[in-house]
A.B. asks: 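Pasting a structure here, questions to come.
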2 protein chains.
Amino acid sequence: MRQPVQTTIAERLRLKAAELTAAERKLMATLFANYPMAGLASITEFAREACVSTPSVLRLAKKLGFSGFPAFQERLRAELSAQLQNPIAKHDRWSADAPDTHILNRFATAAMENLSGSLKLMDHRSFDAVVALLTDRRRRIHIGGGRITGALAVYLTTHLQMARPEVTLVPAMPAMWPQVLLDIGKKDVVVVFDIRRYDARMLEFAASARERGAKLVLITDQWISPIARLAVHSLPLRIEAPSSWDSNIVLLFMAEALVAAIINAAWPETQARIRELEGLAESVRRPR
Amino acid sequence: MRQPVQTTIAERLRLKAAELTAAERKLMATLFANYPMAGLASITEFAREACVSTPSVLRLAKKLGFSGFPAFQERLRAELSAQLQNPIAKHDRWSADAPDTHILNRFATAAMENLSGSLKLMDHRSFDAVVALLTDRRRRIHIGGGRITGALAVYLTTHLQMARPEVTLVPAMPAMWPQVLLDIGKKDVVVVFDIRRYDARMLEFAASARERGAKLVLITDQWISPIARLAVHSLPLRIEAPSSWDSNIVLLFMAEALVAAIINAAWPETQARIRELEGLAESVRRPR
DNA sequence: GACAATCTGAAATTATCGCTTCAACAGTCT
DNA sequence: AGACTGTTGAAGCGATAATTTCAGATTGTC
């Protein structure tokens, strides 16, 4: 591991301020006026900005202990990067006393990284647009997934059915798709899960649905399924895991976040529906 | 002063995301992973970081409307500069520019807390014991879940079936349980998902399985299902969410971690099995 | 005012970057 | 099968950036 404490360029400059020449102080002032951006342009621009020559910049960099201007600049970038990088969950010891190499901890780290990476990758307006689409009660919704993602499709369907009517699961068997497609039209929204290795048959299904006028929403991985070309909205997520398979945790996260947002978006109706559902559950259970 | 409203590079990228090529998407992901610092190095470094060639970087820059890489980079610097000058440093933790109150960010925070809370709560030796139990090939495994957790049971079953033989899903319908119980004996392990509100019928099923000599493994929430009294191992997890329902993300995490650990524990056999599976998948797919 | 010490930038040199070309490749459509 | 369209990176060629050199400018000292 690298030395944890390393002085920033700003600190070093202030420390050496006394022994700087006139041209170097000009550079310092310019840099501080717009720290550290001023130093991230080319050496030529930085020199011109401070009204000095390029060799003066170079001498300053060397005075600060760098091998050359690129080294100086790289340090500036590293500083800024560290500053911008959110100290996301400084994984303060996951599992109580298991070693860091325990699979639980390795998986937890991967899950965290996938989650934060996905959120950076994603456009929250796409998310909002998808929520609006799925909240619209004039639309019917069909949800489908592949071999692995099928369980997620089931999960999303189950939850969405609690929130609103007209939600159906696209059966896992391609043999049944023609009948499903028969009832898909302009008013329908088809939500598809597709992660690598992308399912060729799912692509065909998506194309057919699209042809019949349905709107496609795609939930996929960071490498993006080819279905994206047909979809009105794509939500790419990171799914890397320290195992032979990818991790679908973030897909589930997305499913749950969608459901929560949809429920929020139409609370009064949803609340009424949930009440009714509870009542029905009771009356089914009671008489056994 | 320049036009105040100008699309950022991040926005432009998201807008064009659908029409990007694979190499370009790699670049996009790399840039977003460390935005915008990743793009401020030289074109060569940026390309290497994303594992693509320099011409691909150039093509992306041109696709976004820039005359070349330096122009692209200058815009990045300008954006960053503007952002840094802004006193309200937008260090938005999660989604690039969504507010903290956006459901995505609230959900992400909850998921992170659930995950780290679960790991602190859990005894990793229980986890290891469960892994050992499920790795033992002399045992048959049955996996069951309730109305909500059923999808997770399906997921775990699907994955575990790839790792080892003799894994079956307990059907969701209680009517079918007698037949399932008939074949459960001392050699069997029954894995049950049960979160609040705990399923009374699932408890009965678990009790019957226990009576017949099966070992019970319970995956439950922090308030712990009554089935825990019957189980040899219980894995309690945190499932709170900022919504009307609980979040099952951590349950999925546990399922994936279990599968990964089981695969690790018996790698040679598992590898052979996976190879065989791949072969079969091929031969089923080919003749369509 | 001469001298030494230091500083500075123009110009030359070198290294690296950014860009173009082109052949290989993959996927698609006849 | 084979032509076609679109994507990709290796190779090479300017262009620009980074560095070095050195002569002139500046400053301080005697």
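The sequence lines fix the lettering, A, B, ..., with proteins before strands; numbering per chain opens at 1.
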A.B. asks: Which parts of nucleotides 6-16 of chain C does protein reach within less than 4.0 Å, heavy atoms only, written one letter per nucleotide 5' to 3' as B for base, S for sugar-phosphate only and - for none?
C.D. replies: -SBBB------
A.B. asks: Between D:dT16 atom P and A:Arg48 atom CZ, what is the distance in whole Å?
C.D. replies: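 Taking atom P of D:dT16 as the reference, CZ of A:Arg48 is at 13 Å.
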A.B. asks: Any chance you could measure A:Leu115, atom CG, to A:Met254, atom CE, to the nearest 0.5 Å?
C.D. replies: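 The CG atom of A:Leu115 sits 9.0 Å away from the CE atom of A:Met254.
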A.B. asks: Check the orientation of B:Phe107 and A:Phe253. Use parallel for under 30°, tilted for 30 to 60°, and perpendicular for over 60°.
C.D. replies: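 Ring orientation of B:Phe107 relative to A:Phe253: perpendicular.
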A.B. asks: To the closest 0.5 Å, what do you measure between CG (B:Asn264) and CZ (A:Arg106)?
C.D. replies: 6.5 Å
A.B. asks: Nearest 0.5 Å please: distance from the CG atom of A:Asp136 over to the NZ atom of A:Lys187.
C.D. replies: 8.0 Å
A.B. asks: Can you tell me how far P of C:dC22 sits from CG of B:Leu58, to the nearest Å?
C.D. replies: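 Distance check: B:Leu58 CG to C:dC22 P gives 16 Å.
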A.B. asks: Once rounded to the nearest 0.5 Å, what's the spacing between atom CG of A:Leu160 and atom CD1 of A:Ile262?
C.D. replies: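 Answer rounded to 0.5 Å: 4.5 Å.
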A.B. asks: Specify the separation, in whole Å, of atom NZ of A:Lys62 and atom C1' of D:dT20.
C.D. replies: 8 Å
A.B. asks: Could you tell me the separation between the CG atom of A:Leu203 and the C1' atom of C:dT28, rounded to a whole number of Å?
C.D. replies: 13 Å
A.B. asks: Can you measure from CZ (A:Arg48) to OG (A:Ser42) and round to the nearest 0.5 angstrom?
C.D. replies: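 Between A:Arg48 CZ and A:Ser42 OG, I get 7.5 Å after rounding to 0.5 Å.
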A.B. asks: Measure from CZ on B:Phe66 to P on C:dC19 and round the result to the nearest Å.
C.D. replies: 12 Å
A.B. asks: Strictly under 3.5 Å: I want the nitrogen or oxygen pairs between protein and nucleotides 23-26 of chain C, one per line.
C.D. replies:
none

A.B. asks: Extract all donor-acceptor atom pairs below 3.5 Å that involve side chains of residues 226-234 of chain A and protein atoms in other chains or at least two apart in sequence.
C.D. replies:
none

A.B. asks: Just by distance, with hydrogens left out, do A:His124 and B:Asn105 show a side-chain donor and acceptor under 3.5 Å apart?
C.D. replies: no
A.B. asks: Check this for me: does any side-chain nitrogen of one of A:Arg147 and A:Asp199 sit under 4.0 Å from a carboxylate oxygen of the other?
C.D. replies: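 Here A:Arg147 does not pair with A:Asp199 in a salt bridge, since their nearest N and O are not under 4.0 Å apart.
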A.B. asks: Taking atom C1' of D:dG9 as reference, at what distance in whole Å does atom CG of B:Leu60 sit?
C.D. replies: 16 Å
A.B. asks: Between D:dA17 atom P and B:Ile43 atom CD1, what is the distance in whole Å?
C.D. replies: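 Those two atoms, CD1 and P, are 14 Å apart.
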A.B. asks: Round to the nearest Å and state the distance from A:Phe46 atom CZ to D:dT19 atom C1'.
C.D. replies: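 My rounded result for the distance is 17 Å.
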